[in-house]
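Quick caveat: nothing in here was measured; it's all calculated off a predicted structure.
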Amino acid sequence: MTMSTATTGAGSAAETADRPSPSLQETVRSEFTKLRSVRSTWLLLLIAGVIAIGLSLLFTFATTTTFDSMAPQDRAAFDAAGTTRVGVDLSLILFVVFGSMVASSEFASGMMRLTLTVTPNRLRVVLAKAIVVALPCYVAGVVYSTVAFLAGQAIIRGTDPSLALDLGSPGVLPSLFNWGSETAAFALIALCLTFLLRSAAGAIATSLGIIFGPLLIGQLLPLWVRQHVLAYLPASAAENLTNVRRDPTSATYLDPQVASWVLGAWVVAFLACSYLVLSKRDSG
């Protein structure tokens with residue numbers, strides 16, 4: 001009986017060892033299943049939507065109350081698209097939390113060991129998690145920014161139609177789609193920092209520093225630093241992609257095509273670092 005049990009156990013272990021590693025498609029499907037089963041996934045996306053749309057509309061409404069007293073030069077410089085995206089900017093905080101949560105919960109619970117046992121190919125794990133973070137964040141970013149834009153322009157149009165924009169206005173559609181790219185990029189950076197730091201708090205704090213830090217300290221730095229350093233940070237590259245009204249004289253200005261390459265390079269670099277670190281460390 002003991003010999004039979006041992007033989008059966010040895011056979012099962014051999015079958016497990018001989019079982020092929022899941023494909024990328026199977027790993028992505030598994031990651032989506034894990035993501036859907038966590039209630040905080042939907043809660044974070046819902047709160048992000050409320051902030052992105054709700055705060056943008058409140059700010060737009062408050063801004064329209066100043067139209068009557070606005071000087072001609074201020075009207076000429078009025079950024080109708082930027083006014084309707086204030087809440088979308090702030091919602092990036094929730095998407096950073098979302099990106100970090102996808103990996104941090106597994107490190108905290110020890111489930112990452114099981115994930116890497118089932119899928120020992122660590123590049124495949126990193127790519128699968130990146131896909132399940134990027135897709136919903138991209139879609140949410142495009143949808144939220146579009147709704148905020150359309151509703152905000154309706155408010156502006158009701159007060160002064162000459163200041164409002166529509167989807168056919170120059171630069172508007174690329175800006176809205178690029179909002180999806182920015183949202184996905186920052187969520188991916190948070191995911192990668194979680195792989196590197198294995199700490200949700202550390203990853204979130206570092207990600208927010210990358211996003212909002214240049215905005216807070218940029219004007220305090222020398223012009224050379226802003227032109228040759230800050231302009232090539234992820235936040236500045238993303239800003240050049242999502243702005244409808246671009247200022248080529250700005251110290252951090254980049255051509256949109258260059259900005260897209262810069263932001264993409266940052267994401268690829270973070271993903272590569274995540275894979276290298278995950279390959280060198282144990283899974284705990």
Side-chain angles (χ1 to χ4, degrees), residues 45 48-67 70 72-95 134-188 211-212 214-215 231 233-264 266-267:
L45 293 177
V50 171
I51 291 174
I53 298 170
L55 289 184
S56 293
L57 297 186
L58 285 174
F59 184 80
T60 302
F61 179 78
T63 301
T64 59
T65 62
T66 67
F67 279 177
M70 192 177 290
Q73 62 269 24
D74 293 331
R75 283 179 175 271
F78 179 71
D79 185 357
T83 300
T84 59
R85 76 175 195 179
V86 171
V88 184
D89 281 325
L90 292 176
S91 71
L92 287 172
I93 297 173
L94 276 299
F95 287 106
L135 286 180
C137 288
Y138 179 84
V139 172
V142 172
V143 171
Y144 294 164
S145 61
T146 301
V147 172
F149 173 82
L150 293 175
Q153 297 309 311
I155 294 174
I156 295 172
R157 190 172 291 109
T159 305
D160 189 340
S162 67
L163 296 177
L165 302 174
D166 55 43
L167 292 178
S169 299
V172 168
L173 280 179
S175 171
L176 296 177
F177 283 111
N178 286 333
W179 262 111
S181 300
E182 178 178 6
T183 303
F186 284 119
L188 285 173
I211 297 172
F212 296 108
L215 300 176
L233 293 181
S236 296
E239 185 178 27
N240 281 287
L241 286 175
T242 56
N243 281 346
V244 173
R245 297 187 63 163
R246 300 186 176 96
D247 180 11
T249 65
S250 170
T252 57
Y253 175 80
L254 291 176
D255 179 81
Q257 186 173 2
V258 175
S260 65
W261 281 103
V262 169
L263 186 60
W266 275 106
V267 172

Separation of Leu254 CG from Trp261 CH2 (nearest 0.5 Å): 14.5 Å
Any non-hydrogen side-chain atom of Trp179 less than 4.5 Å from a side-chain atom of Asp89? yes
Non-neighbouring partners of Asp166 that pass salt bridge (charged side-chain N to carboxylate O under 4.0 Å, His left out), sequence neighbours left out: none
Is the number of heavy atoms from other residues, nucleotides or ligands within 6.0 Å of CZ (Phe212) greater than 12? yes
With distance as the sole criterion, is a donor-acceptor pair present between the side chains of Arg85 and Ser175 under 3.5 Å? no
For Leu57 and Phe61, run side-chain contact (heavy atoms from CB on, under 4.5 Å): C-alpha distance rounded to whole Å, both residues' side-chain angles, the deciding distance at 0.1 Å, then the answer. CA-CA 6 Å; Leu57 297 186; Phe61 179 78; over 6 Å; no
Does Leu150 reach the side chain of Leu167, with side-chain heavy atoms less than 4.5 Å apart? yes
Could you grab the distance from atom CG of Leu58 to atom CD1 of Ile53, nearest 0.5 Å is fine? 12.0 Å
I need the minimum non-hydrogen distance between Thr183 and Gly141, along with the two atoms involved. OG1-CA, 3.7 Å
Would you mind reporting whether Leu90 and Leu55 have side-chain heavy atoms less than 4.5 Å apart? yes
Nearest heavy atoms of Cys137 and Ala184, plus distance in Å: CB-CA, 3.9 Å
Is a side-chain N or O of Ser56 found less than 3.5 angstrom from the main chain of Thr84, in a donor-acceptor match? yes
Name the one of Leu92, Leu241, Ile211 that satisfies side chain to side chain contact (heavy atoms under 4.5 Å, CB included) with Glu182? Leu92
Has Arg157 got a side-chain atom pairing as donor or acceptor with Leu165's backbone, closer than 3.5 angstrom? yes
Got a donor-acceptor contact below 3.5 angstrom from the Asp79 side chain to the Gly82 backbone? yes
Side-chain contact test, heavy atoms from C-beta onward, threshold under 4.5 Å: evaluate it for Leu135 versus Val139 and give yes or no. no
So, does Gln153 use its side chain to make a donor-acceptor pair with the main chain of Ala80 at under 3.5 Å? yes
What one should report as the nearest heavy-atom pair of Phe186 and Ala235 is CZ-CA, 3.7 Å
Within a radius of less than 6.0 Å around CD of Gln73, do more than 12 heavy atoms belonging to other residues, nucleotides or ligands occur? yes
Side chains of Pro214 and Glu239 in contact at under 4.5 Å (non-hydrogen atoms): no
Any side-chain heavy-atom pair from Phe149 and Tyr144 closer than 4.5 angstrom? no
Answer yes or no: is there a side-chain heavy-atom contact under 4.5 Å between Thr63 and Phe59? yes
Which pair of heavy atoms, one from Phe95 and one from Ala187, lies closest together, and at what distance? O-CB, 3.5 Å
Pairwise distance OG(Ser181) to CG(Leu176) - rounded to 0.5 angstrom: 11.5 Å
Look at the side chain of Ser236 and the backbone N and O of Leu233, then say whether any donor-acceptor pair between them is shorter than 3.5 Å. no
Between the side chain of Asn240 and the main-chain N/O of Ala259, is any donor-acceptor distance below 3.5 Å? no
Heavy-atom nearest pair, Val244 first then Ala81, reads CG2-CB, 3.5 Å
Between Phe78 and Phe67, does the ring centre distance come in under 6.0 Å? yes
